[in-house]
Amino acid sequence: MIEKDKPLEVRGVGEVKPGGTMPERKNFIRDIIDEDLKTNKYSGRVHTRFPPEPNGYLHIGHAKSICLNFGIARNYKGFCNLRFDDTNPIKEEQEYVESIQKDVRWLGFDWDDRLFYASDYFEQLYEFAVRLIKKGKAYVCDLTADEVREHRGTLTEPGRDSQYRNRSIEENLDLFERMRKGEFPNGARTLRAKIDMASPNLNMRDPVMYRVLHASHHRTGDKWCIYPTYDWAHGQSDSLEKITHSICTLEFADHRPLYDWFLDELEIYHPQQIEFARLNLTYTVMSKRKLLQLVEEGYVGGWNDPRMPTISGLRRRGYTPESLRLFADRIGVARSESTVDVAMLEDCLRDDLNKRARRVMAVLRPIKVVIENYPEQVVEDLEAVNNPEDASMGVRKIPFSRTLYIEKDDFREDPPKKYFRLSPGAEVRLRYAYIIKCTDVMKDEKTGEVTELRCTYDPETRSGSPQSSRKVKGTIHWVSAQQAIKAEVRLYDRLFNMENPGGDNWRDFINPKSLEVLNECKIEGSLEKARPEELFQFERLGYFSVDTDSRPGNPVFNRSVTLRDTWAKIEKTGT
Ligand code: ATP
Ligand code: MG
């Protein structure tokens with residue numbers, strides 16, 4: 001059994017919790033850092049940050065960025081800050097701030113006392129802006145958002161100067177102060193950097209630094225009615241925190257000249273921005289906007305729905321921090337865009353759980369089996385191995401009796417060729433128990449549906465006993481009817497049935513059959529005390545986690561991932 005969420009211990013910088021591995025793999029970012037250390041560029045310091053905007057829950061793409069930033073800090077014995085990039089009061093919420101911290105911790109990382117908010121710097125950013133105005137490098141502009149866009153030009157045409165571009169420094173200082181005081185309505189004026197309307201880089205065509213927005217902020221309340229843009233807030237926040245390497249995704253590469261321009265004009269400490277390719281996954285949408293729509297439009301049960309690619313959804317599904325860190329390590333860090341097969345993520349979970357998850361037996365779609373030559377009152381305790389990959393996990397006793405359940409699908413009245421499971425007259429081994437033979441099939445008179453199988457067992461074939469040398473081709477799982485517990489099991493399929501569900505009509509590719517709920521499952525009694533987030537392998541069926549909806553007496557399981565090569569394995573061992 002895996003304890004997934006021990007209370008957080010206060011640990012050193014970026015250290016991972018026990019049981020975890022951190023990648024030491026080389027990548028181009030580490031090469032840059034190695035070089036900077038050699039040249040003593042930042043006096044030997046390595047200081048990164050993870051800067052989420054609190055406008056949604058974190059997803060697996062963020063996990064890549066978290067593992068990268070906190071991982072680098074750990075490997076270089078440096079630091080990594082958690083900084084909320086909370087510059088847009090309209091979309092941001094305290095709920096997200098809390099969920100993000102929880103998710104980063106759960107992944108196994110810690111920021112110690114280095115929790116920051118861009119909003120902590122609003123006053124400082126304002127002073128920086130005044131400094132640029134005084135240098136003649138920023139001006140208050142009265143163009144509307146549409147007009148600004150229209151003046152900006154295109155990739156092939158230069159932009160046009162705003163008629164407000166040449167306001168005097170005094171007028172700019174006065175207007176900027178009055179913007180702050182709340183004298184102007186939303187959108188009436190902006191503060192813009194005075195750079196170059198003909199620059200081939202559109203980001204350099206007098207970008208907006210502040211907009212008027214009369215909105216309450218989740219931390220600063222109504223103190224501000226002008227809010228900085230991402231470009232204006234980000235680099236200066238990096239500088240104030242003395243970040244050395246500001247790692248972000250590729251779409252910010254075109255913003256780097258602006259990042260550098262602000263820092264150079266302000267003549268303040270200058271971190272280095274480095275871009276890497278964001279994670280894209282097949283059959284998955286990753287943007288927070290779309291994830292929010294999935295939640296708000298009711299396609300899923302919430303941000304932590306086990307079908308969501310959010311960290312909290314993956315966690316509920318049964319993903320472990322170890323499996324996500326392993327994934328981040330395997331996909332690596334590159335400079336060019338690519339899409340990772342979601343199967344790779346699933347493999348990481350299998351590899352992790354294969355070593356750690358206890359094996360149990362559960363029957364998802366039960367059919368009753370009566371062993372006619374087995375005595376009625378007898379219950380035998382048979383020995384089952386908890387994890388063939390790890391002998392230290394020991395063995396447990398499972399009850400065997402006259403009435404059992406097996407999977408409906410493990411019986412065929414008219415078996416196809418090479419069907420090695422149960423069929424009339426055929427033999428199969430019950431895992432950890434005996435070889436049984438099907439002697440009769442009971443059916444519902446009206447529907448013709450098979451309701452019960454009558455079998456005999458061969459007492460000489462008990463697993464592990466010296467006489468049990470007889471072999472049959474198939475081995476199936478089962479539970480003893482009387483001792484089994486009823487459970488709900490939720491099976492998941494991909495949320496999208498298209499490999500790349502992009503475009504405006506991405507919702508058209510939502511898989512209507514991504515969730516199947518089975519209410520009549522029978523699980524072995526040893527699962528009675530299983531707690532939410534515990535993980536098991538149901539033999540032959542996959543890895544399953546106990547859902548947070550689970551209650552004593554009403555257990556609920558999620559299938560985290562199927563097994564890769566169930567049949568091959570079971571037929572080989574034949575126990
Ligand atoms: P989204 O585009 O999914 O809405 P975002 O980039 O707006 O995400 P932020 O909260 O701004 O989300 O991201 C915080 C950090 O996580 C940023 O440094 C960003 O580069 C990184 N990040 C976001 N998405 C991915 C991804 N798919 N792969 C790797 N890193 C990512
Ligand atoms: Mg963003």
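We count ligands from 1, going down the list as the structure has it; atoms in each ligand are counted the same way. Values below: all heavy atoms of this structure, side chains included; hydrogens, waters and symmetry mates excluded.
- Taking the six-membered ring for Trp, F109 and F70 have ring centres closer than 6.0 Å.
- When only interatomic distances are considered, the shortest N/O to N/O separation between F252 and ligand 1 does not fall below 3.5 Å.
- Residue R278 holds the heavy atom nearest to atom 1 (P) of ligand 1 of all those in R278, E275, R49, R289.
- At least one side-chain heavy atom of E297 sits under 4.5 Å from a side-chain heavy atom of R507.
- Residue contacts with ligand 1 for F276 involve side-chain atoms from C-beta outward but no N, CA, C or O (heavy atoms, distance under 4.0 Å).
- Within ligand 1, the atoms closer than 4.0 Å to a non-hydrogen atom of P52 are 10 (O), 14 (C), numbered from 1 in the order shown.
- Below 30°, between 30° and 60°, or above 60°: for F262 and W232 the angle between ring planes is above 60°, a perpendicular geometry.
- For the pair R180 and Y126, the cation-pi criterion (under 6.0 Å, within 45° of the ring axis) is fulfilled.
- Considering V333, L68, L279 only, the shortest heavy-atom separation from atom 28 (N) of ligand 1 involves L279.
- Residues T562 and L541 have side chains not in contact (no heavy-atom distance under 4.5 Å, counting atoms from C-beta outward).
- Sorted by first then second residue, the salt bridge (Lys or Arg N to Asp or Glu O under 4.0 Å) pairs that include residues 219-230, not counting sequence neighbours, are D120-R219, E123-K223.
- Evaluated by nearest non-hydrogen atom to atom 20 (O) of ligand 1, the leading choice among T249, L292, L250, L281 is T249.
- By the criterion of a heavy-atom distance under 4.0 Å, the side chain of H59, and not its backbone, is placed next to ligand 1.
- Ligand 1 is approached by F50 to a heavy-atom distance shorter than 4.0 Å.
- Between H218 and Y96, the ring center distance fails the sub-6.0 Å criterion.
- For atom 4 (O) of ligand 1, the choice among K288, K290, E53 with the nearest heavy atom turns out to be K288.
- For ligand 1, none of its N or O atoms has an N or O atom of K64 under 3.5 Å away.
- In this comparison of S246, S287, S65, G56, the heavy atom closest to atom 21 (C) of ligand 1 sits on S65.
- Here is the list of ligand 1 atoms found below 4.0 Å of a heavy atom in P51: 14 (C), 18 (O).
- Ring pair Y42/H245: centre-to-centre distance below 6.0 Å.
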